[in-house]
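Residues: numbered from 1 along the sequence shown.
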Amino acid sequence: MAEKVLVCVAWPYANGSLHVGQIAGAYLPGDIFARFQRLIGNDVLMVSGSDEHGTPITVRAEQEGRPPKEITDHFHEEFLESWRQLGISFDLFTRTGTDNHREVVHQLFLKMYAEGYLTVSTMEAPYCAFDARFLPDRYVEGVCPHCGFDGARGDQCDNCGRPLNAIELVKPRCRFCGRPPEIRETRHFFLQLPKFEAALKEWVARQLHWRPTVLNATRSFLDQGLLPRPITRDIDWGVTIPVDGFEDKRIYVWFEACTGYLSASIEWAKLQGQPDLWKDWWTGENHTYYFIGKDNTFFHTIIWPAMLMGHEDVNLPFDVPANEYLTLENAKVSTSRNWAIWVPEFLKRYDPDPLRYMLAANMPETRDADFTWEEFIRRNNEELVATWGNLVHRTLTFAVRNFDGKVPTAATDVSELVEERAGQTLATVRELLGGCHFKEALRETMALAQYGNRLLDERAPWRQIREDREATAATIYGLLTLINALKVLTYAFLPFSAQKLHGLLGYQDELLGHGWVVERLVAGTPLPTPLPLFAKLDPAAESLAPTAAE
């Protein structure tokens with residue numbers, strides 16, 4: 001029986017283009033997982049959206065003298081185009097500026113307020129006397145009190161990953177005027193995390209299937225003790241507070257953006273004409289997965305589960321396979337210094353599957369990984385072109401030339417050998433992908449492609465056909481069966497080339513409908529003229545390797 005699988009993917013700030021580090025961190029693993037789950041027959045709902053209300057948007061808006069919505073409109077459309085070109089298969093990619101999102105956030109806010117999980121209290125906050133305003137988190141920079149990094153933001157230190165409050169920064173300064181802020185009192189709503197601490201500890205103790213990096217980080221947060229956390233800010237851009245007396249403040253982005261997973265699911269259900277359909281993915285025995293970068297672990301294993309406990313009657317996360325960082329040429333990605341490879345720029349010049357392959361093969365699942373242009377070229381040329389693409393092209397070209405452009409008559413000896421080996425790989429990869437072990441799953445897949453190349457060389461059909469045409473037919477039919485299985489195995493990683501290969505094998509439909517099986521081709525099926533799956537890249541050609549801004 002098909003399971004309902006909810007795939008929630010991090011919401012990118014709509015203040016700039018996507019870069020490959022973000023794709024490796026959350027969007028590609030989420031898509032690989034969703035495509036795999038659909039292929040094995042499960043009902044998948046994959047949601048995310050543009051985060052329009054984070055302070056990174058207002059920071060850019062002020063710097064450029066433009067309305068925040070003008071910026072978010074532009075980048076939301078750019079995101080949608082990037083997903084289309086990359087093959088990131090969201091069922092709904094929405095945005096936090098919708099009426100639906102605001103209504104869902106208000107409903108959760110008011111429910112938690114009525115239950116006593118949200119309380120009003122006075123807090124100290126940085127205030128810039130020069131600009132005459134309180135400074136939200138990213139309007140303040142300074143020295144991290146934990147690791148000493150100068151450049152930490154008022155919400156988080158990018159160097160050590162610790163969540164922060166702006167008032168904790170050492171030597172704080174206003175991001176706009178550079179002056180040290182004053183500390184003044186202001187009233188805000190607080191999420192009473194201590195009320196959830198015991199329940200969270202009990203829940204986390206059962207999550208032994210989580211990645212060690214995620215589980216250890218979450219345990220560390222809990223061991224330090226949870227404190228009430230402010231969820232509103234002195235800012236005029238964002239979701240309003242549905243309580244009188246707070247008209248000049250807004251619900252803070254991490255509270256309302258996390259709620260986006262729920263609001264997006266509700267919006268999707270409304271678009272299907274079944275407003276309650278979202279409950280099928282959020283209740284019962286169904287599993288929910290959250291694909292994020294490691295800097296968002298605290299919000300998805302502590303904050304959001306607490307909010308879900310306050311909501312009641314909905315599932316807590318089953319898994320939060322947070323990835324580590326992807327560095328670039330052994331340096332941390334820095335959008336401010338233009339040290340990044342931007343997705344729109346990449347897709348203007350190169351096909352998406354080679355990028356998906358590089359990022360999947362080098363995915364930072366349990367440790368930081370590095371992207372280099374040299375390695376991208378090598379993996380494309382040696383692994384995609386020379387190993388996988390070469391096996392496909394040699395086999396299909398030989399079949400078309402020597403068997404009247406059709407699948408040869410079925411035979412058993414090679415087919416049975418191939419089917420057994422392919423079946424073992426399908427079983428192994430299914431278990432790995434189900435556990436969110438993407439890099440290892442891709443290694444197993446490519447190992448089967450290498451086996452196919454060895455089998456092709458050992459059987460040498462170009463010599464075999466001179467003496468035994470029937471044995472040659474068996475060889476080619478077996479290799480076509482192997483390629484057909486590899487088509488299934490590569491689909492979640494390389495959807496464009498997998499679907500292309502599906503057509504080159506004589507199919508007229510969508511690959512997705514064939515399932516996770518070793519499928520025999522029908523003898524006599526016409527085969528189209530073979531086409532290469534991938535293009536070789538010239539190492540000497542101009543690359544998109546970044547250069548730091550002056």
Is R133 close enough and on-axis enough to Y139, meaning under 6.0 Å and within 45°, for cation-pi?
no
Return the CG to CD distance between N100 and E103, rounded to the nearest 0.5 Å.
6.0 Å
Residues T240, E247; criterion side chain to side chain donor-acceptor pair (under 3.5 Å); working and verdict
CA-CA 7 Å; T240 56; E247 290 77 11; over 6 Å; no
Quick check: do F291 and P29 have side-chain heavy atoms less than 4.5 Å from each other?
yes
If you round to the nearest 0.5 Å, how far is CG of L80 from OG of S50?
6.5 Å
Would you tell me whether Q85 and E81 have side-chain atoms, one donor and one acceptor, within less than 3.5 Å of each other?
yes
Considering only heavy atoms from C-beta outward, does the side chain of N15 approach that of F75 to under 4.5 Å?
no
Kindly indicate, with the supporting measurements, whether the criterion side chain to side chain contact (heavy atoms under 4.5 Å, CB included) is fulfilled by L227 and L193.
CA-CA 6 Å; L227 300 174; L193 283 175; over 6 Å; no
Run D234 and T186 through side chain to side chain donor-acceptor pair (under 3.5 Å) and show every step you take.
CA-CA 8 Å; D234 295 284; T186 180; 3.1 Å; yes
Any luck finding a side-chain donor-acceptor pair between Y261 and W304 under 3.5 Å?
no
Are the side chains of Q156 and D295 in contact, using a 4.5 Å heavy-atom criterion?
yes
Is E197 reaching over with its side chain to a backbone N or O of L226, donor-acceptor style, under 3.5 angstrom?
yes
Would you confirm whether the ring centroid of W373 sits within less than 6.0 angstrom of the ring centroid of Y350?
yes
Starting from the C-alpha separation in whole Å, work towards a yes-or-no answer on side chain to side chain donor-acceptor pair (under 3.5 Å) for S220 and Q224.
CA-CA 6 Å; S220 177; Q224 295 170 33; 3.3 Å; yes
Give me the atom names and distance for the closest heavy-atom approach of G116 to T119.
O-CG2, 3.9 Å
Is the number of heavy atoms from other residues, nucleotides or ligands under 6.0 Å of F190 CZ greater than 12?
yes
To the nearest 0.5 Å, how far apart are OG1 in T372 and CG in L328?
9.0 Å
Is the distance between the ring centroids of W203 and W210 under 6.0 Å?
yes
Hey, what's the ring geometry for F221 with F298, parallel, tilted or perpendicular (30° and 60° as the breaks)?
perpendicular
Looking only at non-hydrogen atoms, find the nearest pair between A14 and I71 and report the distance.
O-CG2, 3.5 Å
Hey, does F189 have a side-chain heavy atom less than 4.5 Å from the side chain of V243?
yes
Can you tell me how far apart CZ (R153) and CZ (R175) are? Round to the nearest 0.5 Å.
8.5 Å
Look up atom CG in N296 and atom OG1 in T301, then write down how far apart they are to the nearest 0.5 Å.
10.5 Å
Which label fits W278 and W282: parallel for a plane angle under 30°, tilted from 30 to 60°, or perpendicular past 60°?
perpendicular
Step by step, would you call I231 with E256 a side chain to side chain contact (heavy atoms under 4.5 Å, CB included)?
CA-CA 9 Å; I231 66 156; E256 59 110 341; over 6 Å; no
Verdict with supporting geometry, R349 and E345, salt bridge (charged side-chain N to carboxylate O under 4.0 Å, His left out)
CA-CA 7 Å; R349 296 177 54 182; E345 184 182 358; 5.4 Å; no
Salt bridge (charged side-chain N to carboxylate O under 4.0 Å, His left out) between D351 and R356, worked out:
CA-CA 9 Å; D351 293 333; R356 290 177 63 111; over 6 Å; no
So, H188 and T232: side-chain donor and acceptor under 3.5 Å apart, yes or no?
yes
On the ring face of W254, is R229 found with NZ or CZ under 6.0 Å from the centre and within 45° of the axis?
yes
Check whether any side-chain heavy atom of P172 lies under 4.5 Å from a side-chain heavy atom of P126, and answer yes or no.
no
Go through the steps to decide whether E267 and T98 satisfy the test side chain to side chain contact (heavy atoms under 4.5 Å, CB included), and finish with yes or no.
CA-CA 9 Å; E267 181 182 350; T98 66; 4.3 Å; yes
Any carboxylate oxygen within less than 4.0 angstrom of a Lys/Arg side-chain nitrogen, looking at D150 and R173?
yes
Describe, in one word, how the ring planes of H76 and F93 are oriented to each other, choosing from parallel (under 30°), tilted (30 to 60°) and perpendicular (over 60°).
parallel
Determine the minimum heavy-atom distance between F299 and I303, stating which atoms define it.
O-CB, 3.5 Å
Pairing donors with acceptors under 3.5 angstrom, does anything connect the side chains of D31 and S89?
yes
Looking at R66, I want to see if its CZ is surrounded by more than 12 non-hydrogen atoms of other residues, nucleotides or ligands under 6.0 Å.
yes
Hey, is E324 close enough to K294 for a salt bridge, meaning N to O under 4.0 Å?
yes
Go through the steps for D370 and E375 under the test side chain to side chain contact (heavy atoms under 4.5 Å, CB included), then give the verdict.
CA-CA 9 Å; D370 190 50; E375 181 69 358; over 6 Å; no
Side chain to side chain, V140 and L169, heavy atoms closer than 4.5 Å:
yes
In terms of relative ring orientation, are W342 and H19 parallel, tilted or perpendicular, with 30° and 60° separating the classes?
perpendicular
For E510, does the CD atom sit with more than 12 other heavy atoms under 6.0 Å from it, leaving out its own atoms?
no
Tell me whether the rings of F196 and Y117 are parallel (<30°), tilted (30 to 60°) or perpendicular (>60°).
tilted
Donor-acceptor check, side chain of N286 to backbone of W281, threshold 3.5 angstrom: yes or no?
no
Worked check of side chain to side chain donor-acceptor pair (under 3.5 Å) between Y13 and H53
CA-CA 8 Å; Y13 285 129; H53 296 142; over 6 Å; no
Do the charged groups of E312 and K111 touch, with an N to O distance under 4.0 Å?
yes
Could you check if a side-chain atom of L164 sits within less than 4.5 angstrom of a side-chain atom of P145, using non-hydrogen atoms only?
yes
Which residue is it: R211, E365, R367? I am looking for the one with a side-chain hydrogen bond (donor to acceptor under 3.5 Å, both in side chains) to N323.
R211
More than 12 heavy atoms of other groups within 6.0 Å of E285 CD
no
So F438 and F33, would you call those rings parallel, tilted or perpendicular, with 30° and 60° as cut-offs?
perpendicular
Taking T288 for the side chain and L316 for the main chain, is one N or O donor matched with an acceptor at less than 3.5 Å?
yes
Looking at CZ of F346 and CG of L86, how far apart are the two atoms once the value is rounded to the nearest 0.5 Å?
8.5 Å
Determine the minimum heavy-atom distance between V9 and A26, stating which atoms define it.
CG1-O, 3.7 Å
Salt-bridge test for D223 and K201: reply yes if a basic N is under 4.0 Å from a carboxylate O, no otherwise.
no
